[in-house]
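Lettering follows sequence order; numbering is per chain, from 1. Source: prediction; values computed, not measured.
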Protein chains: 2
Amino acid sequence: MKKGLSEICYKFFLNLSNPTRLAVLEQLMNQPLSVNELADTLGQEQSMISHNLKPLLECNFVYTEKQGKQRIYSANKETIGALFKAVENHAEKFCPTGGKCHLKDD
Amino acid sequence: MKKGLSEICYKFFLNLSNPTRLAVLEQLMNQPLSVNELADTLGQEQSMISHNLKPLLECNFVYTEKQGKQRIYSANKETIGALFKAVENHAEKFCPTGGKCHLKDD
DNA sequence: TTTTCATATGTATATTCTTTCATATAAAGT
DNA sequence: ACTTTATATGAAAGAATATACATATGAAAA
């Protein structure tokens, strides 16, 4: 890890620090989905999904592939899997609230 | 990974999505430091360091220990190490710009 | 070539974060 | 008790983000 990391790649984490994008990634870890499938599954507007897919794509957290009119998105399982595993491990061992990161329960 | 992750723990990543906090974590991965030592090393105001240490502490990304008047902070190496490793790996394999995450070079 | 379906983009607003400056607390020494 | 040093907290201004709605692009079918 060179010293520039903090300045250069904080956007890596910024990209992940959004409930919509995390929800998209969670879904795509299960299976590839089109934009509208994601929108339906998550109960969000299509434009919102598209807006949020863009940064994920730019950082190569997801891949996309044309299929007729549709665009099928899939997750970069290596990176996202490692990150989710790190979160899980941290939640288990270090989150006093059992993984809820001091947010109010709901 | 339960399905609630995206809603509940996006703050995990939010916490990391800031250059100051990442710089603090980088320093603390090398050795424990006091608030003023961090401020000096990073060339930032003490109050800014304190403000940014707070969320890191709340998520147990760092630990603290009183030592006289000082407060010595150290990193949760298990979690932060795993995350930095994931970033490094991603940068090497998936960042077209060689780890610069499509930010302008400088 | 028109229509339809799927996705992307533009823009404005509301919200959230970051930072700075000022001040408060807290601990140790005098 | 008072002073000094170390750290934390409060508040306000500015910057960055998220979201919603409208619209544009693009691809296939009719």
Side-chain angles (χ1 to χ4, degrees), chain A residues 6-28 32-74 101-104 106, chain B residues 6-25 27-28 32-74 101-104:
Chain A
S6 50
E7 272 304 324
I8 293 169
C9 265
Y10 75 96
K11 286 219 172 180
F12 180 98
F13 292 113
L14 190 58
N15 212 336
L16 298 164
S17 65
N18 174 286
T20 303
R21 287 194 291 280
L22 275 185
V24 164
L25 289 173
E26 264 186 304
Q27 288 305 126
L28 297 183
L33 291 168
S34 72
V35 176
N36 275 320
E37 284 170 334
L38 280 167
D40 290 349
T41 303
L42 300 177
Q44 306 269 220
E45 295 210 348
Q46 172 269 315
S47 75
M48 177 159 163
I49 301 297
S50 280
H51 274 302
N52 280 291
L53 279 168
K54 193 177 180 180
L56 292 176
L57 197 55
E58 280 173 347
C59 261
N60 291 308
F61 288 157
V62 302
Y63 306 121
T64 185
E65 187 189 354
K66 241 174 281 189
Q67 205 169 97
K69 295 187 228 191
Q70 299 187 113
R71 221 160 236 291
I72 307 298
Y73 284 82
S74 55
C101 297
H102 71 73
L103 290 179
K104 57 193 167 313
D106 59 336
Chain B
S6 50
E7 274 302 324
I8 293 168
C9 266
Y10 75 97
K11 286 216 172 180
F12 179 99
F13 292 113
L14 189 58
N15 213 336
L16 298 164
S17 65
N18 173 288
T20 304
R21 287 194 290 280
L22 276 185
V24 164
L25 289 172
Q27 287 305 126
L28 296 182
L33 290 169
S34 72
V35 177
N36 275 319
E37 284 170 335
L38 280 167
D40 289 351
T41 303
L42 300 176
Q44 306 269 222
E45 295 210 347
Q46 172 268 316
S47 75
M48 177 158 163
I49 301 297
S50 280
H51 274 303
N52 280 290
L53 279 168
K54 191 176 179 181
L56 293 176
L57 197 55
E58 281 172 348
C59 261
N60 291 308
F61 287 158
V62 302
Y63 306 121
T64 185
E65 186 189 356
K66 239 174 283 189
Q67 204 169 96
K69 297 189 228 190
Q70 297 189 116
R71 220 160 238 292
I72 307 298
Y73 284 83
S74 55
C101 295
H102 69 71
L103 290 178
K104 57 194 167 314

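Among the heavy atoms of the strands, none lies under 4.0 Å from B:I49. A:L53 comes within contact range of no nucleotide atom at all, as no heavy-atom separation falls under 4.0 Å. Nucleic acid contact for A:E45: base, since at least one base atom lies under 4.0 Å from a heavy atom of the residue. Heavy atoms of B:S47 sit under 4.0 angstrom from at least one base atom.
At whole-Å resolution of the value, CG in B:N52 and P in D:dT7 are 15 Å apart. Atom CE of A:M48 and atom C1' of C:dG10 are 17 Å apart (whole Å). Atom pair B:K66:NZ and D:dA8:P shows a separation of 10 Å (rounding to whole Å applied). Rounded to an integer number of Å, the gap from A:L38 CG to C:dA6 P is 14 Å. Between the P atom of C:dA27 and the CD atom of B:E65 lies a distance of 15 Å, rounded to the nearest Å. In this structure, A:Q44 atom CD and C:dA6 atom P are separated by 19 Å, rounded to whole Å. A straight line from CD of B:E37 to C1' of D:dT7 spans 13 Å, rounded to a whole angstrom. Note: CD1 (A:I72) to P (C:dA8) measures 11 Å, nearest angstrom.
Summary of the strand contacts: B:Q67 and A:S34 both lie near DNA chain C, and taking for each the nucleotide with the nearest heavy atom, the more 5' one is attributed to A:S34.
Of the residues listed (B:V24, B:I49, B:L38, B:N52), the one engaging B:Q44 in a side-chain contact (heavy atoms from CB on, under 4.5 Å) is B:I49, and it is the only one.
Residue B:Y73 places at least one side-chain N or O closer than 4.0 Å to OP1 or OP2 of D:dA8. For the OP1/OP2 pair of D:dT19 and a distance below 4.0 Å, the side-chain nitrogens and oxygens of A:N18 include at least one atom meeting the criterion. Contact between the side-chain N/O atoms of B:N36 and the OP1/OP2 oxygens of D:dT5 is not found at any separation under 4.0 Å. Put simply, B:R21 has no side-chain N or O that comes within less than 4.0 Å of OP1 or OP2 on C:dC17.
Of all nucleotides listed (D:dA8, C:dT7, D:dT17), D:dT17 comes nearest to the side chain of A:L14. Taking every side-chain heavy atom of B:K69 into account, C:dA28 is the closest of C:dC17, D:dT7, C:dA28.
Rounded to the nearest 0.5 Å, atoms SG (B:C59) and CG (B:N15) are 4.5 Å apart. Separating the NZ atom in B:K69 from the CG atom in B:N36 is a distance of 11.5 Å, to the nearest 0.5 Å. Separating the CD atom in B:E45 from the OG1 atom in B:T20 is a distance of 11.5 Å, to the nearest 0.5 Å.
With hydrogens and angles ignored, a donor-acceptor pair closer than 3.5 Å exists between the side chain of B:Q46 and the base of D:dA8.
Two residues are said to be in side-chain contact when any heavy atoms from C-beta on lie closer than 4.5 Å; A:P19 and A:L22 fail this criterion.
Judged by distance alone, the side chains of B:T41 and B:E37 never bring a donor and an acceptor atom under 3.5 Å apart.
A distance cut-off of 5.5 Å between ring centres, combined with a plane angle under 30°, places A:H51 in a stacking arrangement with the base of C:dT9.
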